[in-house]
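Numbered from 1 within each chain, the chains take letters A, B, ... in sequence-line order. For the numbers below, each heavy atom of this structure counts, side chains included, while hydrogens, waters and symmetry mates do not.
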Amino acid sequence: MAETKIAKQYNPFGVEERLYQDWLQKGYFHANEDTEKKTYSIVIPPPNATDILHLGHALNNTLQDVMIRWQKMLGKETCWLPGTDHAGIATQVVVEKLVAKEGTSRRELGRDEFVKRVWDYVSDRKGRILNQLKKIGCSCDWERTRFTFDEQLSEAVKEVFIRLHEKNLIYKGKYIVNWCPRCQTSLSDDEVEHQNYASKLWFIKYKLKGQDQYLIAATTRPETMLGDTALAVNPKDERYQKYIGKTAILPILDRELKIVADDYVDPEFGTGVVKITPAHDPNDFEISQRHDLEKINILNPDGTLNENAGKFKGFDTKAARKAVLAELEKKGLLDKIEDYDLTAGTCYRCSTIVEPYLSEQWFVRMKPLAEPAIEAVKSGQLRFHPEHWEKTYLYWTENIRDWCISRQLWWGHRIPVYYCRDCNHEMIAKVKPEKCEKCNSADIYQEEDVLDTWFSSWLWPFSTFGWPSQTRELETFYPTNSLFTASEIIFLWVARMVMAGYEFTGKLCFNDVYIHGTVRDAQGRKMSKSLGNGIDPIEVINQYGADSLRLSLILATPEGQDPNIAMNTFELGRNFANKLWNASRFILMNLGDELTDGELESIDDIRELPLMDRWILSRLNETIKKTTEQLQSFRFNAAAKLLYEFIWHDYCDWYIELAKGRLYGEESAEDQVKAKRVLGFCLDGILKLLHPFAPFVTEELWHLLHRRDEGDGSIMEARYPRANEKLIDIKLEEMMARLQRVVYAIRNIRAEMNVPPSKKAEVHLKITDPALRETLEQNQNYLINLGKIEKLVIGDDLKKPQLSASAVIPSAEIFIPLAGLIDVDTERSRLQKELENITKLLEKTRKKLANREFVEQAPKEVVDKQREKEQEYEEVVQKINANLEQLTGW
RNA sequence: GGGUGGUUAGCUCAGUUGGUUAGAGCACCUGCUUUACACGCAGGGGGUCACUGGUUCGAAUCCAGUACCGCCCACCA
């Protein structure tokens with residue numbers, strides 16, 4: 001065997017950086033918009049510009065990279081467009097905290113200065129996460145990197161706002177919105193997270209005007225009574241018929257409250273009387289609209305009570321609740337208190353409890369936009385993987401509500417609306433109008449609010465390619481093919497992109513949506529900063545290498561479920577990469593530079609290959625076929641497992657082991673050539689098959705195998721293997737499996753009878769099936785190697801040698817003479833155990849066959865199979881018994 | 001409350017149209033410096049497939065229900 005410089009262990013460090021730089025330099029990742037080829041494009045789910053990489057990103061982007069690299073090797077012009085999101089509220093919150101540390105605040109700095117500070121911060125951090133993606137090996141087209149706040153993307157945002165406004169799909173109105181008192185902005189429904197907590201239900205007594213009677217209303221938020229303007233009962237509720245239209249008196253503030261009847265009220269709940277607070281409860285707001293009730297806002301934007309709260313002005317809601325309850329108690333107006341579990345909406349960015357709050361906001365009418373998006377799924381044009389997510393998508397799109405798009409933030413796309421200070425005229429425009437179109441005044445100011453972050457991200461699949469300009473890249477790469485994301489943003493992002501795609505480009509923006517799980521820790525908990533259970537992917541790469549990270553993540557992520565990941569999970573991928581490395585190392589040591597590129601890539605000109613060669617080629621092609629099928633249906637885990645199984649257990653455990661004797665010249669010179677050809681051909685296929693999953697190690701090995709200098713070409717330019725069905729031979733695989741069973745049996749006897757590997761044994765094979773006997777005879781040299789055999793005797797009518805251990809498999813008996821070595825008790829219990837096993841199986845089979853209904857109704861093949869088994873088991877049982885009997889004679 | 005995913009070996013999971021001796025990786029036990037790999041090789045132990053009923057000749061697999069875990073959605077005060 002030739003000496004080699006190749007290390008015994010794969011060392012990814014150095015390799016990865018070098019190869020990635022080379023790929024970048026050669027421009028392999030850049031997509032050509034003038035291509036004639038079929039295209040395949042993906043837009044990245046843009047991470048927040050200031051994010052740092054976590055395992056969720058690592059998984060998400062590894063999957064995209066597998067898809068892109070695979071498609072590229074299938075011959076497509078691939079485009080994977082990367083970029084980041086300005087993440088309005090999230091980023092603003094972070095910078096607010098930073099300036100707070102400096103002892104100042106957003107308001108103190110003023111809008112212009114604060115926005116500048118955010119820009120500074122973002123510019124400093126932006127691109128960090130994209131650089132981290134490079135470490136994973138992502139083949140993004142970096143020349144097309146976009147940011148949702150880029151000038152061109154901002155133009156797209158304005159264009160969209162104006163178009164929707166012209167179609168009357170955008171409107172401004174006073175509504176109850178979710179208000180975060182800390183961020184002091186509205187939030188869309190989808191930005192509110194619900195949390196359960198134990199609370200109380202307070203029963204408050206409302207005195208009827210001019211009478212000494214009370215109506216009692218239950219509430220979960222007693223402090224909001226300060227904004228009550230009515231009481232409501234169900235019109236059919238007989239208990240309260242007589243009070244409808246009467247007046248009650250609000251405790252503490254002594255405001256007069258109308259008593260109204262509304263179907264919304266559930267007579268079963270509480271007392272059947274509801275206090276109505278139109279400005280601070282969405283339902284109450286609806287009721288107040290129907291009954292034309294006064295709406296009294298008792299909150300300041302920061303969540304403290306305002307002048308409408310009388311003496312409680314300035315209290316925060318918590319203090320107000322305490323004070324109000326104390327006063328009610330004192331006045332004897334608190335009827336009772338019950339325990340009650342309820343949910344509170346909290347801000348998805350800062351977890352502050354959100355207040356329903358009446359304010360003026362901008363909305364998008366979603367119903368008309370949702371219609372084609374619903375149809376896309378129903379018609380099968382838009383597919384989810386796993387499929388069940390389409391239900392979630394449909395549930396939301398079919399029950400869609402208008403989208404509140406204005407945010408009272410400073411970091412974001414400012415709404416392109418201008419007002420005249422003189423006549424209040426409203427103008428929608430991309431740039432500030434010089435003069436009021438109505439009164440000619442030059443005193444014009446822009447709307448203060450900015451747009452929801454998602455108002456730019458829902459345009460991402462086409463704004464990034466230059467829309468609204470009809471660019472060449474838009475034409476070539478849009479619509480995109482697939483989208484990879486997590487389930488949390490099916491509503492926030494996926495569905496809205498589909499809507500925007502149809503509305504503004506008339507096209508479905510992608511056909512396949514792959515939803516992967518959320519990465520969890522070993523105990524199944526979400527990884528989070530507060531728990532401190534997160535794993536830093538960069539740390540993983542530093543410790544194990546990028547290929548290990550990628551392979552491990554994919555191998556550990558069950559299809560459509562959440563993967564549980566611990567640091568040692570990454571040993572899985574590392575070991576696999578190392579196994580591949582060493583298998584290749586072995587091949588390279590033995591092949592030298594004997595094979596040409598052509599020989600590595602084709603096997604057609606070799607005739608009359610021996611069993612094992614035809615077997616590994618059959619397995620290889622079967623693996624190619626199945627892997628391709630799995631990739632086509634977005635089953636990455638299954639695809640990776642197929643490759644793992646084939647490479648490790650078929651190619652390494654069996655084929656390489658079988659080939660060793662041939663390489664060492666134990667067969668003919670001609671056979672040695674065949675072995676080398678097949679070894680090399682399979683390895684070349686393996687590297688290509690695995691490249692999308694483990695780009696670095698496969699590239700490195702491919703160069704070594706093809707004896708290419710550094711930087712000379714890339715495995716990426718090779719064609720992904722296609723299955724040659726003619727080479728798949730199931731019959732032959734079955735014969736090989738029988739040969740393997742013989743080897744297993746020999747090894748089992750050796751191990752259980754404590755025959756050390758260093759001691760070669762004599763083996764007698766009594767084979768009654770001629771086909772098997774012939775195969776074993778032809779391959780006896782390999783049996784000798786695999787079983788560490790000194791002398792092999794094969795025949796159809798051998799006698800069991802005295803003092804030998806035995807094993808029985810269908811149509812074969814294995815004897816290993818062990819004079820002096822054999823322990824009779826061990827051998828007896830070994831045989832007895834096996835006898836028990838087979839007897840159980842035999843009984844089970846006999847029972848089935850004794851069942852007349854089974855024999856009559858089951859398909860013939862199934863019954864025949866059981867008959868065959870019965871025979872097999874009978875034969876084995878009988879032979880084991882004979883061997884046992886012989887033992888007792890000792 | 002509605003929806004949805006899960007429950008198979010100590011742990012993480014396969015098991016694609018019902019018929020396999022129910023599998024793999026990790027962990028565990030026993031051997032092994034066998035000239036690719038100890039990040040390895042060989043052998044082995046370990047499961048009443050959550051529970052209950054049903055359909056069927058036959059159920060881990062199909063149906064119904066129960067329990068537990070998880071996620072998403074939800075304006076019942």
Please confirm whether the shortest side-chain N or O distance from A:R852 to OP1 or OP2 of B:G58 is below 4.0 Å.
no

How would you label the contact of A:N851 with the nucleic acid (heavy atoms, under 4.0 Å): base, sugar-phosphate, or nothing?
sugar-phosphate

Is A:W202 touching bases, backbone alone, or none of the nucleic acid, heavy atoms closer than 4.0 Å?
nothing

Looking at B:A77, I'd like to know if its phosphate oxygens (OP1 or OP2) sit under 4.0 Å from a side-chain N or O belonging to A:Y340.
yes

Mind checking if A:K391 touches a base, just sugar-phosphate, or nothing, with heavy atoms under 4.0 Å?
sugar-phosphate

Rounded distance (Å) that lies between atom C1' of B:C72 and atom NE2 of A:H388:
10 Å

How about A:Q630 and A:K625: does a side-chain donor come under 3.5 Å of a side-chain acceptor?
no

Phosphate contact (B:U30 OP1 or OP2) by A:N754 side-chain N/O below 4.0 Å
no

Using a 4.0 Å heavy-atom cut-off, does A:F285 contact any base of the nucleic acid, only the sugar-phosphate backbone, or nothing at all?
nothing

Selected nucleotide, minimal atom distance to A:F491 side chain, candidates B:A77, B:C73, B:C71
B:C73

Please determine whether a side-chain nitrogen or oxygen atom of A:K833 lies at a distance below 4.0 Å from atom OP1 or OP2 of B:G45.
yes

For A:F203, does the six-membered ring have the charged nitrogen or CZ of A:K336 within the cation-pi criterion, i.e. under 6.0 angstrom from the centroid and within 45° of the normal?
yes

Do A:T845 and A:K847 meet the criterion of a side-chain donor-acceptor pair at a distance under 3.5 Å?
no

What would the secondary structure line of RNA chain B be in dot-bracket form, counting Watson-Crick and G-U wobble pairs under 3.5 Å, with [ ] for pairs that cross earlier ones and | for pairs with another strand?
(((((((..((((.....[...)))).(((((.......))))).....(((((..]....))))))))))))....

I want to check a possible cation-pi pair here: A:R747 against A:W654, using under 6.0 Å from ring centre and within 45° of the ring axis as the test.
yes

Taking only the side-chain nitrogens and oxygens of A:Y873, find out if one of them lies under 4.0 Å from OP1 or OP2 of B:U21.
yes

Under 3.5 Å, is there any donor-acceptor pair linking the side chain of A:E752 to the base of B:A42?
no

Quiz item: A:Q9 side-chain donor-acceptor pair to B:C39 base, under 3.5 Å
yes

Taking atom C1' in both B:U66 and B:A77, what distance in whole Å separates the two?
33 Å

Which nucleotide in the set B:G19, B:C72, B:G25 lies at the smallest distance from any side-chain heavy atom of A:T392?
B:C72

Need one value for A:Y651: base, sugar-phosphate or nothing, where a base atom within 4.0 Å counts as base even if backbone is also close, heavy atoms only.
nothing

From NZ of A:K676 over to C1' of B:A36, roughly how many Å is that when rounded to an integer?
15 Å

With a 4.0 Å cut-off on heavy atoms, is A:D284 in touch with a base, just the backbone sugar-phosphate, or nothing at all?
nothing

Checking all strands, does A:Q561 fall into the base, sugar-phosphate, or nothing category for heavy-atom contacts under 4.0 angstrom?
sugar-phosphate

Would you indicate what A:H649 reaches in the nucleic acid, counting non-hydrogen atoms under 4.0 angstrom: base, sugar-phosphate, or nothing?
sugar-phosphate

Can you tell me, in whole Å, how much space there is between the P of B:G19 and that of B:C26?
28 Å

For a quick test of reading the model: is some side-chain N or O of A:R574 closer than 4.0 Å to OP1 or OP2 of B:C39?
no

Identify which nucleotide among B:U21, B:G70, B:A77 has an atom closest to any side-chain atom of A:Y264, counting heavy atoms from C-beta outward.
B:A77

The side chain of A:A583 is closest to which nucleotide in this list: B:U16, B:C39, B:A36?
B:A36

Identify whether any heavy atom of A:D653 sits under 4.0 Å from a base atom; if not, whether one sits that close to sugar-phosphate; answer base, sugar-phosphate or nothing.
sugar-phosphate

Would you say a side-chain N or O of A:K660 is under 4.0 Å from OP1 or OP2 of B:A36?
yes

Distance, rounded to the nearest Å, where A:N564 contributes CG and B:G5 contributes P
19 Å

P atoms of B:U16 and B:A60, separation to the nearest Å:
13 Å

Given the ring of A:W202, does A:R221 sit roughly above its face, with NZ or CZ under 6.0 Å from the centre of the six-membered ring and within 45° of the axis?
no

Select base, sugar-phosphate, or nothing to describe what A:K840 touches, counting heavy atoms under 4.0 Å on all strands.
nothing

What interatomic distance, in whole Å, is found between P of B:G45 and the corresponding atom of B:G6?
32 Å

Base, sugar-phosphate alone, or nothing: which one does A:K641 contact when heavy atoms must sit under 4.0 Å apart?
sugar-phosphate

Given B:G40, is OP1 or OP2 found less than 4.0 Å from the side-chain N or O atoms of A:N578?
no

For B:U16, does either OP1 or OP2 sit under 4.0 Å from a side-chain N or O belonging to A:K626?
no

Side-chain contact check for A:K788: nearest option of B:C41, B:G25, B:U34 is B:U34

For the aromatic rings, using the six-membered ring if either is Trp, is the centroid distance between A:Y514 and A:F384 under 6.0 Å?
no

Which value, in whole Å, describes the distance between the P atoms of nucleotides B:C49 and B:U56?
22 Å

OP1 or OP2 of B:C41 sitting under 4.0 Å from any side-chain N/O of A:W648?
yes

Do A:Y264 and A:N283 have side-chain atoms, one donor and one acceptor, less than 3.5 Å apart?
yes

If you only use heavy atoms from C-beta on, which nucleotide in B:A74, B:C37, B:G19 is closest to the side chain of A:R401?
B:A74

Can you find a side-chain donor-acceptor pair between A:S758 and A:K788 that sits under 3.5 Å?
no

Between A:T557 and A:N637, a side-chain donor and acceptor under 3.5 Å:
no

Inter-residue atom distance A:L704.CG - A:S584.OG, 0.5 Å rounding:
8.5 Å

Give A:R525 one of three labels, base, sugar-phosphate or nothing, depending on what nucleic acid heavy atoms sit under 4.0 Å from its own.
nothing

According to the interplanar angle, ranging from 0 to 90°, do the rings of A:Y644 and A:H649 count as parallel (below 30°), tilted (30 to 60°) or perpendicular (above 60°)?
perpendicular

Heavy atoms from C-beta onward define the side chain here; which of B:A77, B:G19, B:A36 lies closest to that of A:F586?
B:A36

Under the 3.5 Å rule, do the base of B:C37 and the side chain of A:K8 count as making a donor-acceptor pair?
no

Please report the distance separating the P of B:A59 from the corresponding atom of B:U52, rounded so that it comes out in whole Å.
15 Å

From the set B:U16, B:A36, B:U21, return the single nucleotide nearest to any side-chain atom of A:C652.
B:A36

Tell me which nucleotide among B:C57, B:A14, B:G44 gets nearest to the side chain of A:N748.
B:G44

For A:Q857, answer base if it contacts any base atom (sugar-phosphate contacts may also be present), sugar-phosphate if it contacts only those atoms, and nothing otherwise; contact means non-hydrogen atoms under 4.0 Å.
base

Using a 4.0 Å heavy-atom cut-off, does A:R741 contact any base of the nucleic acid, only the sugar-phosphate backbone, or nothing at all?
base

